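Please read all numbers here as calculations on a predicted model, not as lab measurements. Sequence lines set the chain letters: A, B, ... in the order given, protein chains first and strands last, and positions in each chain run from 1.
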Protein chains: 2
Amino acid sequence: MQMAELSGASGVPVATVKFYLRDGLLPPGEPTSATRAAYDESHVRRLRLIRALADVAGLRLDQIRHVLAVVDDESTSCAEALGTALMPRTADAGPDPEARRRVDRLIRRWRWRVGPDSRNRDSLARALSVLDSLEHPMPDEMLDRYAEAMHQVADAEVSSVPTDNRDRAVLHAVVGTLLVEPVLASIRRLAQEEISRRRLTGRLRKGRRPRRPARG
Amino acid sequence: MQMAELSGASGVPVATVKFYLRDGLLPPGEPTSATRAAYDESHVRRLRLIRALADVAGLRLDQIRHVLAVVDDESTSCAEALGTALMPRTADAGPDPEARRRVDRLIRRWRWRVGPDSRNRDSLARALSVLDSLEHPMPDEMLDRYAEAMHQVADAEVSSVPTDNRDRAVLHAVVGTLLVEPVLASIRRLAQEEISRRRLTGRLRKGRRPRRPARG
DNA sequence: CTCCATTGGATAGTGTTACTCTCTAATCTT
DNA sequence: AAGATTAGAGAGTAACACTATCCAATGGAG
């Protein structure tokens, strides 16, 4: 397929596809002449991924470039990809050693092994530090609750990563991390809305709801 | 306190404070003369909140304006605030009725009550639809897992909202929703990194880890 | 073979967002 | 009286993500 068809299949305007090509986000097509190149399904998929990372995960193009580089780099494993590749908000601020220590204690409590250059540690420390500065501190108890919930969730997620093919595995991991984040956030808000509503109507008993869905 | 001190206490440059005042993000100080106004701690807190919503939650200024309007509006309850106020990514795309139906089924399975104009329903549908288009569909089974985890988390969170004071309650709910999102995301990534690492080293047994933190 | 649409490649322009700067006149401090 | 600070208004700027225009080469229709 060539440019017009690629644009049509992906829903991305021709001018923007050219821009992504220039920017190195989209690999070039197979040149068939001086003014023609052939694209294939992989280009369509890549374009859709770029748009999803931008629109749904809210990444900027330089972050998307970084993510794609990791996906394309055959030498990175899933764990490395998860640890270093995904840095959605750049952590530029000061470290705040107190928050950093709290994060390290959390990691130790759960006996997690985390790469020393993992951005996730910094972004968590930063978020906790900001919550402190807003006089809305996060108790360790609540952190552990989050860790428990996320550990369960992550276990199921990692189980669903294909193990046969490295490329598919890393792509699955990256998509499953970055693009599922808004899914989790939305579900959390829906649950908060429900529970908040339930408290208002006087139904104050806790843990009464089934832990498993109805009619499941 | 006046401008210079407000700027110093909040860490926001004078020019930016003036810009926020003009933009209606920061309420004006009490004017003491034609070229002077008095600010107080509430202005410092508001500025810190604005920066946190922008830097940590990634909201744009118009979204922050909307959030602040809800916080300031005495007539909105917590549930309303959670349902409608928080629309971090504007859902402008087409509806995709299939994804919408999946979300409605999820909500019904869990017997959640959701406001008919809740943005959360749309943003979840949009995220699911995008995952489909990436050939990375989200099974209902996994959605239920997420719902279970988020229901547990939300229950603890809503319990921690103060009930005596409406203003503090809504602020707590909004901060606890928007600014805790990156906390959850970071913890999820740390857990994913750990579990992914564990799978690599051949420790394939599931659910072996303590559900409660060590030394807790 | 001619003619016109399409393409690759390059460059320049646009709209949005979030500030940042400059200026003026009034006022405060010393 | 003099220098600094401020409110308020407007213009300027930097980053980002496109979007438009141009050109020469090519491909396909007739």
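- One finds no side-chain N or O of B:Tyr20 lying less than 4.0 angstrom from the OP1 or OP2 phosphate oxygen of C:dA18.
- One atom, CG of A:Leu26, and another, P of D:dA17, lie 16 Å apart when rounded to the nearest Å.
- Atom CG in A:Leu53 sits about 13 Å away from atom P in D:dA17, given to the nearest Å.
- Contact check, A:Tyr39 against C:dG8: a side-chain N or O comes under 4.0 Å of OP1 or OP2.
- At whole-Å resolution of the value, CZ in B:Arg65 and P in C:dC19 are 12 Å apart.
- Checked for salt-bridge contact, B:Arg145 and A:Glu157 miss the test: no charged N lies under 4.0 Å from a carboxylate O.
- Atom NE2 of A:His43 is separated from atom C1' of C:dG8 by 14 Å (rounded to the nearest Å).
- Comparing A:Ala34 and B:Ala4 along DNA chain D, the residue whose closest nucleotide (by nearest heavy atom) sits nearer the 5' end is B:Ala4.
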Apply salt bridge (charged side-chain N to carboxylate O under 4.0 Å, His left out) to the pair B:Asp144 and B:Arg109, showing each step before the final yes or no. CA-CA 9 Å; B:Asp144 282 330; B:Arg109 271 204 303 281; 3.0 Å; yes
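- Here side chain to side chain donor-acceptor pair (under 3.5 Å) pairs that include residues 2-21 of chain A, with residues two or more places apart or in two chains, are A:Tyr20-A:Arg51.
- The side chain of B:Thr35 has C:dA25 as its nearest neighbour among D:dA17, C:dA25, C:dT17.
- One can place CD1 of B:Ile64 at 10 Å from C1' of C:dA18, the figure rounded to the nearest angstrom.
- The side chain of A:Ser33 contributes no N or O atom lying less than 4.0 Å from OP1 or OP2 of D:dA25.
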Which protein N or O atoms sit under 3.5 Å from an N or O of nucleotides 19-23 of chain D?
unit_1: D:dT19; atom_1: OP2; unit_2: A:Thr16; atom_2: OG1; d: 3.3

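- Between A:Glu193 and A:Arg197, at least one side-chain N (NZ, or NE/NH1/NH2) sits under 4.0 Å from a carboxylate O, which counts as a salt bridge.
- A salt bridge links A:Arg65 with A:Asp23: the closest approach of a Lys/Arg side-chain nitrogen to an acidic carboxylate oxygen falls below 4.0 angstrom.
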CA sep, side-chain torsions, deciding dist, call: A:Arg102, A:Asp140, salt bridge (charged side-chain N to carboxylate O under 4.0 Å, His left out): CA-CA 8 Å; A:Arg102 288 227 297 144; A:Asp140 274 355; 2.6 Å; yes
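- B:His151 places none of its side-chain heavy atoms less than 4.5 Å from the side chain of A:Arg188.
- A straight line from CG of A:Asp55 to C1' of D:dA17 spans 11 Å, rounded to a whole angstrom.
- Atom pair A:Leu6:CG and C:dT6:P shows a separation of 16 Å (rounding to whole Å applied).
- Atom CZ of A:Arg36 and atom P of C:dT7 are 6 Å apart (whole Å).
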